[in-house]
Amino acid sequence: FACYESFVAFEAYDSIVEQLKKTDMYDLFVNIEMPLVYTLFDMEKRGIKTNKEALKEYSDKLAVRIGELEKSIYEQAGEEFNINSPKQLGVILFEKLNLPFAKKTKTGYSTAASVLEKLVDYHPIINKTLEYRQLAKLKSTYADGLANYIGKDNKIHTKFHQTITATGRISSTDPNLQNIPIRMELARAIRKVFTPEEGFVFIDADYSQIELRVLAHMSGDESLIEAYQHEDDIHKITASKVFHTPLDEVSSLQRSNAKAVNFGIIYGISSFGLGQDLNISRKEAEEYIEQYFKTYPQIKEFLDNLVLEAEDKGYVSTIFGRRRPIPELKSSNFMQRNFGKRVAMNSPIQGTAADIIKIAMNRVNQELKNRKLESRLILQVHDELLIEAKVEELEEVKDILVTEMKNATKLRVPLELGVSIGENWYEVG
DNA sequence: GGCTCCGCTACTCG
DNA sequence: TCACGAGTAGCGGAGCC
């Protein structure tokens, strides 16, 4: 088998190199992806120390609260059923309790969080159910799930995958350490179980809004570029311009709406999607988008051109030449074609950001080795790098990390970082 | 009847 | 259509022995 594997790789080499050169991806392959093979190997090998006892305590604590919620949900439903079954839950909520806004899916009623959130004022069972599901997820996937991966060295060694995603990002499995909770405080606490080894500390650095900065650069939009050169709160600036409000009078609602529009732009804007996200009508969403494009006209032109280019060539590219084919644009299905358009707008942005952090990872990894340091890169979470740094090396390593991330490439806007140092992933995240 | 496989729906993250 | 990109867990139906 080993002979067969190596024979296939050997025989395929010439053909693959030829194809990479033909598609202008050879430099990307040689300068970014090949070195990254070794960087990811080093990260997997090093692993991250994880406190098994703390996970057990956390799991037991969750079990108590889940039990209470379970009891209360059964009482309010008037019977016992499997809360983990969307099918059974749907029948209880929309047939037995007769709650409004029932929406059908393929298999029954939708009990998605976005649906249930509209029902919180109709019945106390709703909030209990939403909390139950969060805690059940927390216990099964994180508290209990992660514990199964802790090895004899008290570490978790995730697998990083280099050839999975359509955009050039890496992914993580067994376990996935790229989706550890952070948004809700109770769930975020699970990050305390991830710690540096004895004599080491964590240094964490994350790019500030790297995708919007990539968009500013690629589109060349003067207004957005200038905004990034003068002010750090880009969502507030956008709100000020889009809603014609002086900067210091922007309300928190206006800012949060502008933020949603910024996200929408990166995802490949659609009035349907924005409307759904903000819970407003499609028409209102259209007005937001129109105002946005009036504020940043070169972004509209850039996104329109990406779609045209994709329709013409059949693919889009990142700054570093990574391609994503988009066959959906040729589909006879309207929804599929619209999906293709959003992909054409999103992939060059998400993919370029992925290329940039990969360059930084390679340089950081190489520099740590060149200088014979014991500190090591241990995790990447799309726009964030986590280093386990020897205490004596802290200042030097921090400097390496910041320098390589900021200077991974030169854009028309600065690449800013958030950096922090701490004794566990909760403190630095 | 018990087993595996897989689609669906839910949750988690950037 | 949980907008773009991912992964995991539980349920429950289909198919197999």
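In what follows, every chain begins at residue 1, and chains take the letters A, B, ... in the order their sequences are listed. Every heavy atom of this structure was used, including side-chain atoms; hydrogens, water molecules and symmetry mates were not.
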Distances under 3.5 Å between protein N/O atoms and the N/O atoms of nucleotides 5-8 of chain C, please, pair by pair.
| unit_1 | atom_1 | unit_2 | atom_2 | d |
| --- | --- | --- | --- | --- |
| C:dG5 | OP1 | A:Arg324 | NH1 | 2.9 |
| C:dG5 | OP1 | A:Arg324 | NH2 | 2.9 |
| C:dG5 | O4' | A:Gln350 | OE1 | 3.2 |
| C:dG5 | O4' | A:Gln350 | NE2 | 3.0 |
| C:dG5 | N3 | A:Arg169 | NH1 | 3.4 |
| C:dA6 | OP1 | A:Ala166 | N | 2.7 |
| C:dG7 | OP1 | A:Ser171 | OG | 3.0 |
| C:dG7 | O4' | A:Asn176 | ND2 | 2.9 |
| C:dG7 | N2 | A:Lys137 | NZ | 3.4 |
| C:dT8 | OP1 | A:Asp174 | N | 3.0 |
| C:dT8 | O2 | A:Lys137 | NZ | 2.7 |

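Nearest approach of A:Leu415 to A:Ile210, heavy atoms of both residues: CD2-CG1, 4.1 Å.
As rounded to whole Å, 16 Å separates atom P of C:dA3 from atom CZ of A:Arg282. When rounded to the nearest whole Å, the span between CG of A:Leu379 and P of B:dG14 equals 13 Å. Across the protein-nucleic acid pair, A:Gln134 atom CD and C:dA9 atom P stand 18 Å apart, rounded to whole Å. Protein atom CE of A:Met335 is 13 Å distant from nucleotide atom P of C:dA3, rounded to whole Å. Between the P atom of B:dC13 and the CD atom of A:Glu384 lies a distance of 13 Å, rounded to the nearest Å. If you take CD of A:Gln276 and C1' of C:dC4, they are 15 Å apart, rounded to a whole angstrom. The separation between A:Phe263 atom CZ and C:dC4 atom P is 14 Å, rounded to whole Å. One atom, OH of A:Tyr267, and another, P of B:dC13, lie 13 Å apart when rounded to the nearest Å.
The side chain of A:Ser85 lies closest to C:dG12, out of C:dG12, B:dA10, B:dT12. For A:Pro181, whose side chain is taken as the heavy atoms from C-beta onward, the closest listed nucleotide among C:dC2, B:dT12, B:dT9 is B:dT12.
The residue A:Gly268 sits apart from the nucleic acid: no heavy atom pair falls under 4.0 Å. Residue-level contact check: A:Ile180 touches the backbone only, with heavy atoms under 4.0 Å from sugar-phosphate atoms and none from bases. Looking at heavy-atom distances under 4.0 Å, A:Ala113 makes contact with sugar-phosphate atoms alone, never a base. If you check every strand for non-hydrogen atoms under 4.0 Å, A:Asp277 touches a base. Looking at heavy-atom distances under 4.0 Å, A:Asn338 makes no contact with the nucleic acid at all. At a threshold of 4.0 angstrom between heavy atoms, the contacts of A:Ile170 with the nucleic acid are absent. Contacts of A:Ala344 with the nucleic acid, taken as non-hydrogen atoms under 4.0 Å apart, are absent. Among the protein residues, A:Gln88 comes within range of the sugar-phosphate backbone only, with heavy atoms under 4.0 Å from sugar or phosphate atoms but none that close to a base.
Nucleotides C:dT8 and C:dA3, compared at atom C1', are 22 Å apart to the nearest Å.
Between A:Lys71 and A:Glu75, at least one side-chain N (NZ, or NE/NH1/NH2) sits under 4.0 Å from a carboxylate O, which counts as a salt bridge. Classification of A:Arg255 and A:Asp233 as a salt-bridged pair holds, one side-chain N sitting under 4.0 Å from a carboxylate O.
A cation-pi contact links A:Arg46 to A:Phe200, judged by a cut-off of 6.0 Å to the six-membered ring centre and 45° from its axis.
Between the base of C:dG10 and the side chain of A:Arg133 there is no donor-acceptor pair shorter than 3.5 Å.
Inspection of the A:Gln209 and A:Glu416 side chains reveals no N or O donor paired with an N or O acceptor under 3.5 Å. In this structure, a donor-acceptor pair under 3.5 Å is absent between the side chains of A:Thr195 and A:Asn424.
Distances shown here put a side-chain N or O of A:Thr107 below 4.0 Å from the OP1 or OP2 atom of B:dT9. One finds a side-chain N or O of A:Arg183 lying less than 4.0 angstrom from the OP1 or OP2 phosphate oxygen of B:dG14. A:Lys139 has no side-chain polar atom (N or O) that falls below the 4.0 Å cut-off from OP1 or OP2 of C:dA9.
Of the listed residues (A:Asn262, A:Val242, A:Leu278, A:Ile280), just one forms a side-chain contact (heavy atoms from CB on, under 4.5 Å) with A:Asn257, and that residue is A:Leu278.
Separation of the A:Tyr296 and A:Tyr292 ring centroids falls under the 6.0 Å cut-off.
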